[in-house]
Amino acid sequence: MDEKITLSGVPETMLQTIYARAKESKDRGAIHDKKAEEIIGKLNYDFSLADKDAPMHSGVIARTIVLDKLVSEYLAKNPGATVVNIACGLDTRYYRMTGFKHWYNLDLPETIEVRDSIYQESGRVSTIACSVLDPAWADQVKVRGKILFIIEGLTMYMKADEVRTMLAIIRDHFDNAYVCMETLCPYFVKKENIEKSIQATGATFTWGANSFADLGNIAAGFRKVKDDNIARGMETLNPIYKLVMWMPIVHKFAEKILVFEKA
């Protein structure tokens, strides 16, 4: 199989992130993602920029380390929960997790078309081809109960009102909703040129938040569980971070993982 990929803008960024995970898994091994390695071997795409983009690579792997821990901890405490992976792209977390009842991968129709052609998933995992801003996607989540929503690599490309709409759909359509949402430090909004492979897709950073408190009425109807960030993932990648982890500035500028639940 040699899958030719033609995407641009935000949907194209999914190729950079899966490449970062495949490269890390194959080389240094801070994460183990054999599925990403397998998929990259099937794609006809020029990954030369992603191969040289150290900031993008480090950010993707650090957030993967932290989110994997958060998701596995939630599933250990809530066995049989449902997972909804928002803006899934070509994400492979499903293959690294256990303890869930059903896993939904949600993304735009053009993205899901690519994903379905490559993964051809079935059983306890299924895809939903819909904008996260369209409430219609909620009706396609048939397996209910306790539900974990993962929002990774998305909000930095959204406007504040769009984030509010997305969270309102979750709040209004699901009970027992628990959310792990990655956000960009506001300082880095409009600084996508730091990550050259992302800049090359035409995607731009438009929004960020440093804490759940920063969300204000964007997260109306939710309550904070904790404010996390990817600094401990960076520490796993490079032990030098242990020397600076005590510094507030490190946590301030790191990408955030905001954890909250329906009130």
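Here the CG-OH distance, from Leu148 to Tyr178, works out to 8.0 Å after rounding to the nearest 0.5 Å. Remark: Asp214 CG to Lys256 NZ distance equals 9.0 Å, nearest 0.5 Å. Of the inter-residue distances, the one linking Met158 atom CE with Leu154 atom CG reads 5.0 Å to the nearest 0.5 angstrom. Distance CD1/Ile65 to CZ/Arg232: 10.0 Å, rounded to 0.5 Å. Summarising the geometry, atom CG belonging to Leu133 is positioned 11.0 Å from atom NZ belonging to Lys159; distances are rounded to the nearest 0.5 Å. Between atom CD1 of residue Ile39 and atom CG of residue Asp91 there is a gap of 11.5 Å, rounded to the nearest 0.5 Å.
Considering only heavy atoms from C-beta on, Ile128 comes within 4.5 Å of Val141 through its side chain. Taking the side chain as every heavy atom from C-beta outward, Ile150 and Glu182 never approach each other to under 4.5 Å. Between Arg21 and Ile40 the shortest side-chain heavy-atom distance does not fall below 4.5 Å. Trp207 places a side-chain heavy atom less than 4.5 Å from the side chain of Thr155. Between Arg124 and Lys101, the closest side-chain pair of non-hydrogen atoms is not below 4.5 Å. Here the side chains of Ile151 and Cys180 are not in contact, with every heavy-atom distance at 4.5 Å or above. In this structure, the side chains of Glu255 and Cys185 stay at 4.5 Å or more apart for every pair of heavy atoms. No side-chain heavy atom of Asn176 sits less than 4.5 Å from a side-chain heavy atom of Ile147.
The side chain to side chain contact (heavy atoms under 4.5 Å, CB included) check on Arg164 picks up Asp161, Asn217, Ile218, with sequence neighbours excluded. Under the side chain to side chain contact (heavy atoms under 4.5 Å, CB included) criterion, Thr127 pairs with Asn105, Ile112, Arg115, Asp116, Glu121, not counting sequence neighbours. With sequence neighbours left out, Asp175 forms a salt bridge (charged side-chain N to carboxylate O under 4.0 Å, His left out) with Lys262. Residues passing the salt bridge (charged side-chain N to carboxylate O under 4.0 Å, His left out) test with Arg28, sequence neighbours excluded: Glu24. Applying the side chain to side chain contact (heavy atoms under 4.5 Å, CB included) rule to Glu37 yields the partners Ala22, Ser25, Lys26, Lys34; only residues at least two apart in sequence or on another chain are considered. Listed by chain and number, the residues in a salt bridge (charged side-chain N to carboxylate O under 4.0 Å, His left out) with Asp107 amount to none (sequence neighbours excluded). Under the rule for a side chain to side chain contact (heavy atoms under 4.5 Å, CB included), the partners of Ala62 that lie at least two apart in sequence or sit in another chain are Ile230, Met234, Leu237.
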Inset, instruction - Begin from the C-alpha positions of Phe100 and Tyr94 and carry the test ring pair (Phe, Tyr, Trp, His ring centres under 6.0 Å) through to its verdict. - result: CA-CA 9 Å; Phe100 55 88; Tyr94 162 80; 5.4 Å; yes
Inset, instruction - With side chain to side chain contact (heavy atoms under 4.5 Å, CB included) as the test, would you mind laying out the steps for Leu67 and Glu152 before giving the verdict? - result: CA-CA 9 Å; Leu67 273 167; Glu152 177 185 6; 3.5 Å; yes
Inset, instruction - Apply the test side chain to side chain contact (heavy atoms under 4.5 Å, CB included) to residues Val259 and Leu70: give CA-CA distance (whole Å), side-chain angles for both, the deciding distance (0.1 Å), then the verdict. - result: CA-CA 9 Å; Val259 183; Leu70 289 172; 4.2 Å; yes
Inset, instruction - Test side chain to side chain contact (heavy atoms under 4.5 Å, CB included) on Leu15 and Leu43 and set out the steps. - result: CA-CA 9 Å; Leu15 299 170; Leu43 301 182; 4.1 Å; yes
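Sorted pairs that involve residues 129-140 and meet side-chain hydrogen bond (donor to acceptor under 3.5 Å, both in side chains), not counting sequence neighbours, are lacking altogether. Contacts classified as ring-ring contact (aromatic ring centres under 6.0 Å, His included) and involving residues 19-43 (residues at least two apart or in different chains) are given here: Tyr19-Phe47. Applying the ring-ring contact (aromatic ring centres under 6.0 Å, His included) definition to pairs two or more places apart or across chains, those involving residues 104-135 are His102-Tyr104. The stretch residues 70-84 participates, sequence neighbours left out, in these side-chain hydrogen bond (donor to acceptor under 3.5 Å, both in side chains) pairs: Asn78-Lys146.
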Per-pair distances, 0.1 Å, donor-acceptor, side chain in residues 219-227, under 3.5 Å, sequence neighbours excluded:
unit_1	atom_1	unit_2	atom_2	d
Arg223	NE	Glu261	OE2	3.0
Asp227	OD1	Phe212	N	3.0

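Between Thr183 and Ala209 the shortest heavy-atom distance is OG1-O, 2.7 Å. Scanning all heavy atoms of the two residues, the minimum distance from Ala177 to Ile170 falls at CB-CG2, 3.8 Å. The nearest pair of heavy atoms linking Pro109 to Cys130 is CD-N, 4.1 Å.
Formation of a donor-acceptor pair under 3.5 Å by the Asp33 side chain with backbone atoms of Ala36 is found in this model. Remark: the backbone N or O of Tyr95 is not paired with any side-chain donor or acceptor of Thr92 at under 3.5 angstrom.
Counting heavy-atom neighbours within 6.0 Å of Glu113 CD, excluding the residue itself, gives a total of 12 or less.
Exactly one residue among Val84, Ile86, Ile169 makes a side-chain contact (heavy atoms from CB on, under 4.5 Å) with Val132. That residue is Ile86.
Salt bridge status for Asp68 with Arg93: present, with a side-chain N to carboxylate O gap under 4.0 Å.
You'll find the ring centres of Phe174 and Phe149 inside the 6.0 Å limit.
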